[in-house]
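Presented below is the structure to which this report refers.
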Amino acid sequence: MLNNKGTNIFSEINSFFPENDNRKAINSIMDIASNLKISSKSLSLESNANCKFTRLQVFELLLVFPLFMVKNAFHYSESILFKVLSCKKDVFYRFMANGSFDWRNILYRINLQLIGKIAVRADSCNGKDPVCLIVDDSDFPKTGKKIERIGRIFSHVTHKSILGFKALFLCRTDGKTQTVLDFSLHGEEGSRAERPFGMTREQRGKQYRRERDETEAVQERIEEYTQSKIQKAIDMVRRAIKEGIRFDYLLSDSWFTCTDIVRFIKSRHVRCHFLGMIKMAKTKYRFKGKMKSARELVKLLQSRKEIRYSRRLRCYYGQAEVELSGIKVKLFFCRRTRNGDWTGLMTTNTKLNFFEAYHIYSMRWSIEVFFKEAKSLLGLGKSQARDFASQIASISITVLQYNILGTVKRFKSYETIGGLFHEATDGVVQLSVTDRIWGILQELVMIIAEAFQIDDERVMDTLINRSETFKHFINLDKLELKQAVVWTPINRTFLWTVKYT
């Protein structure tokens, strides 16, 4: 167990696993993590001089929880990670609930390094796919009505009201790797003044409350809770540009396609465009001096016989250059069958053709892949902590876990992040089982030594170095005990190390 404040957690954990064994996945993850240039000062995680464990160490441990099958801080002491830092669960709970941490800054400081590692690769420099930002939201269902600022939201998945948060995400993709850059949590106030956010006065009165300093970083997150998601999406993209993120297109579904976002992207000095799905609704576009809706434009294109059929994509399509509130945009219309429903895309790049637009927009699904994988593998949005700051911390850490896995996948050519994750945790399972076997062995050695009044170290030495049967057992399990057995009479245990080959 290590209590040294200078301990590099990632390097220490990596020492559990050898370089030349078949558990390359966990080694690769730890190598990427340990090579990140992160410090307490750069992440604003400075600790007090008298603290036993630094905040940076706690943060690094939280990052590897899923890989070592630690569901939450409550189960930490039962995991093999307890050998690295022998701290209690409260250390993690206090860290997560600390509202002074600027998680948005922490995300960018690490994400920029991960993106930098990917950007210098040959497949990035020579890649044909554009770099895109994607904005989308997802439901985060909750079960506790006492969670701070919890409310009811309308789920477009279940088409009913549920208890939870709406989480808005900004993701970057180059066609091969998606990196989540930013997020915010939102509530839906609703139309009933007597039940704001779908909660009664009694329910709101029982919700968790905490007095906070106005200068704490979490205050910005609390203000975002009631902010328009459209405006917050614009703020996120503006922050990404300020942080040096360059992209070719901002992609969105029909919910985020609106005049405000289109105008914002059009006004940027960096070379970027908007591409998003539109609703076939009442929005009017100026086409050759006349205002027409999307459906009216489709009928006009049909009457002009400007609807074509693509054998490659097996769909009917058409296009038209129009104006949206004085902004020149291009519309694409598509349907699969002759009598099917029309769908529409809109872009500020009027030079784009239908096939290019179709291909680029398909990259938007990478954020849906993130939602699925992060929720199923890493527990995204499943924290039931009452403190709003803990909710923000939990999502931030999960996002970083996913981004690190995505970077490793890019370098090691794993087919899916799921495959990488399961291979890494498989190695940890073997490590945990082996650790328990050696614990049982220690108990047996002590029992034999006491029964026959023999020195404990002598019994262990006989097992390791003089028993061919024991050596055969070790070889069968591909384990090799290093010659580092030391008896500690104070707590009557052996200090030993195991090499996994």
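Note that these values count all heavy atoms, side chains included, but never hydrogens, waters or copies made by symmetry.
We find the CD-CE distance between Gln178 and Met363 to be 9.5 Å, quoted to the nearest 0.5 Å. Distance CG/Asn349 to NZ/Lys266: 8.0 Å, rounded to 0.5 Å. Distance OG1/Thr407 to NZ/Lys117: 8.5 Å, rounded to 0.5 Å. Interatomic distance, Thr283 OG1 to Leu324 CG, rounded to the nearest 0.5 Å: 7.5 Å. We find the SG-CG distance between Cys334 and Asp341 to be 11.5 Å, quoted to the nearest 0.5 Å. One finds the CG atom of Leu300 at 8.5 Å from the NZ atom of Lys290 (value rounded to the nearest 0.5 Å).
The side-chain tip of Arg336 does not point at the ring of Tyr316 from less than 6.0 angstrom away and within 45° of straight on. With Tyr208 as the aromatic partner, Arg149 does not meet the cation-pi criteria of under 6.0 angstrom to the ring centre and within 45 degrees of the ring axis.
Judged purely by atom type and a 3.5 angstrom limit, Tyr76 uses its side chain to pair as donor or acceptor with the backbone of Leu81. In this structure, Arg172 contributes its side chain and Leu181 its backbone to no donor-acceptor pair below 3.5 Å. Judged purely by atom type and a 3.5 angstrom limit, Arg335 uses its side chain to pair as donor or acceptor with the backbone of Arg338. The backbone N or O of Glu306 lies less than 3.5 Å from no partner atom in the side chain of Arg304, so there is not a single donor-acceptor pair. Under a 3.5 Å cut-off, the side chain of Lys330 and the backbone N or O of Leu352 do form a donor-acceptor pair. In this structure, Glu220 contributes its side chain and Ala217 its backbone to no donor-acceptor pair below 3.5 Å.
Side-chain contact of Asp213 with Thr215: a donor-acceptor pair under 3.5 Å is present, judged by distance alone. No hydrogens or angles considered: nothing links the side chains of Arg94 and Asn98 as a donor-acceptor pair under 3.5 Å. Arg152 and Ser161 are linked by a side-chain donor-acceptor pair at a separation below 3.5 angstrom, with hydrogens and angles left out of the test.
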Worked check of ring-ring contact (aromatic ring centres under 6.0 Å, His included) between Phe101 and Phe95:
CA-CA 9 Å; Phe101 299 154; Phe95 178 88; 4.9 Å; yes
Before giving the answer on side-chain hydrogen bond (donor to acceptor under 3.5 Å, both in side chains), spell out for Ser124 and Arg410 the whole-Å C-alpha distance, their side-chain angles and the decisive distance to 0.1 Å.
CA-CA 10 Å; Ser124 294; Arg410 181 67 170 270; 2.8 Å; yes
Could you check Gln401 against Leu377 for side-chain contact (heavy atoms from CB on, under 4.5 Å), going step by step and ending with a plain yes or no?
CA-CA 10 Å; Gln401 291 164 348; Leu377 299 177; over 6 Å; no
Would you check, one step at a time, whether the test side-chain hydrogen bond (donor to acceptor under 3.5 Å, both in side chains) holds for Asp235 with Gln227?
CA-CA 11 Å; Asp235 292 343; Gln227 189 177 355; 3.0 Å; yes
Evaluation steps, side-chain contact (heavy atoms from CB on, under 4.5 Å), between Phe92 and Leu61:
CA-CA 9 Å; Phe92 299 101; Leu61 278 176; 4.0 Å; yes
From CA spacing to verdict: side-chain hydrogen bond (donor to acceptor under 3.5 Å, both in side chains), Lys375, Ser138:
CA-CA 11 Å; Lys375 288 180 179 181; Ser138 182; 2.6 Å; yes
Val270 vs Arg246, test: side-chain contact (heavy atoms from CB on, under 4.5 Å). Steps then yes/no.
CA-CA 8 Å; Val270 295; Arg246 295 297 176 261; 3.6 Å; yes
Run Arg238 and Phe264 through side-chain contact (heavy atoms from CB on, under 4.5 Å) and show every step you take.
CA-CA 9 Å; Arg238 183 182 285 113; Phe264 168 75; 3.6 Å; yes
May I have the step-by-step check of ring-ring contact (aromatic ring centres under 6.0 Å, His included) for His156 and Phe154, ending in yes or no?
CA-CA 6 Å; His156 294 281; Phe154 182 79; 5.3 Å; yes
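Every residue meeting the ring-ring contact (aromatic ring centres under 6.0 Å, His included) condition with Phe354, not counting sequence neighbours, appears here in chain and number order: Tyr317, Tyr358. For Tyr402, the ring-ring contact (aromatic ring centres under 6.0 Å, His included) partners are Phe370, not counting sequence neighbours.
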Contacts under 3.5 angstrom, residues 384-393 side chains, donor-acceptor by atom type, not counting sequence neighbours:
{"from": "Gln384", "atom 1": "OE1", "to": "Thr143", "atom 2": "N", "distance (Å)": "3.4"}
{"from": "Gln384", "atom 1": "OE1", "to": "Thr143", "atom 2": "OG1", "distance (Å)": "3.2"}
{"from": "Asp387", "atom 1": "OD1", "to": "Arg212", "atom 2": "NH2", "distance (Å)": "2.6"}
{"from": "Asp387", "atom 1": "OD1", "to": "Ala389", "atom 2": "N", "distance (Å)": "2.8"}
{"from": "Asp387", "atom 1": "OD2", "to": "Arg210", "atom 2": "NH1", "distance (Å)": "2.8"}
{"from": "Gln391", "atom 1": "OE1", "to": "Lys142", "atom 2": "NZ", "distance (Å)": "3.0"}
{"from": "Gln391", "atom 1": "NE2", "to": "Ser383", "atom 2": "O", "distance (Å)": "3.1"}
{"from": "Gln391", "atom 1": "NE2", "to": "Ala385", "atom 2": "O", "distance (Å)": "2.9"}

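Scanning both residues, Glu46 and Arg55, for their nearest heavy atoms gives O-NH1, 2.8 Å. Of all heavy-atom pairs between Arg109 and Ser42, the closest is CG-O, 3.8 Å. Scanning both residues, Ala357 and Leu275, for their nearest heavy atoms gives O-CD2, 3.7 Å. Taking all atoms of both residues into account, the shortest heavy-atom contact from Phe59 to Ile110 is CZ-CD1, 3.8 Å. Counting all heavy atoms, side chain and backbone alike, Leu56 lies closest to Ile38 at CD2-O, 4.2 Å. Considering every non-hydrogen atom in both Phe140 and Ala167, the closest pair reads CE2-CB, 3.6 Å.
Applying the ring-ring contact (aromatic ring centres under 6.0 Å, His included) rule to pairs touching residues 267-307 yields Tyr249-His273, sequence neighbours excluded. Sorted by first and then second residue, the pairs that involve residues 251-265 and meet side-chain hydrogen bond (donor to acceptor under 3.5 Å, both in side chains), not counting sequence neighbours, are Ser252-Thr257. Applying the side-chain hydrogen bond (donor to acceptor under 3.5 Å, both in side chains) rule to pairs touching residues 179-191 yields Arg104-Asp182, Ser184-His186, sequence neighbours excluded.
When the shell of 6.0 Å around NZ of Lys292 is examined, it contains more than 12 heavy atoms from other residues, nucleotides or ligands. Residue Lys412 qualifies as open at atom NZ: its count of foreign heavy atoms under 6.0 Å is 12 or below.
Looking at Arg121 and Asp174, no side-chain N of the basic residue comes within less than 4.0 Å of a carboxylate O on the acidic one, giving no salt bridge. Taking 4.0 Å as the cut-off between side-chain N and carboxylate O, Asp139 and Lys166 count as a salt-bridged pair. We find that Asp248 and Arg271 are not joined by a salt bridge, their nearest charged nitrogen and carboxylate oxygen being 4.0 Å or further apart. With respect to the salt-bridge test (charged N to carboxylate O, under 4.0 angstrom), the residues Glu224 and Lys232 qualify. Residues Arg364 and Asp136 are paired through a salt bridge, judged by an N-O separation under 4.0 Å between the basic side chain and the carboxylate. In summary, Glu243 and Arg239 engage in a salt bridge, as defined by a charged side-chain N under 4.0 Å from a carboxylate O.
In this pair, Phe371 and Phe169 present their aromatic rings perpendicular. The plane angle is above 60°, beyond the 30 to 60° band.
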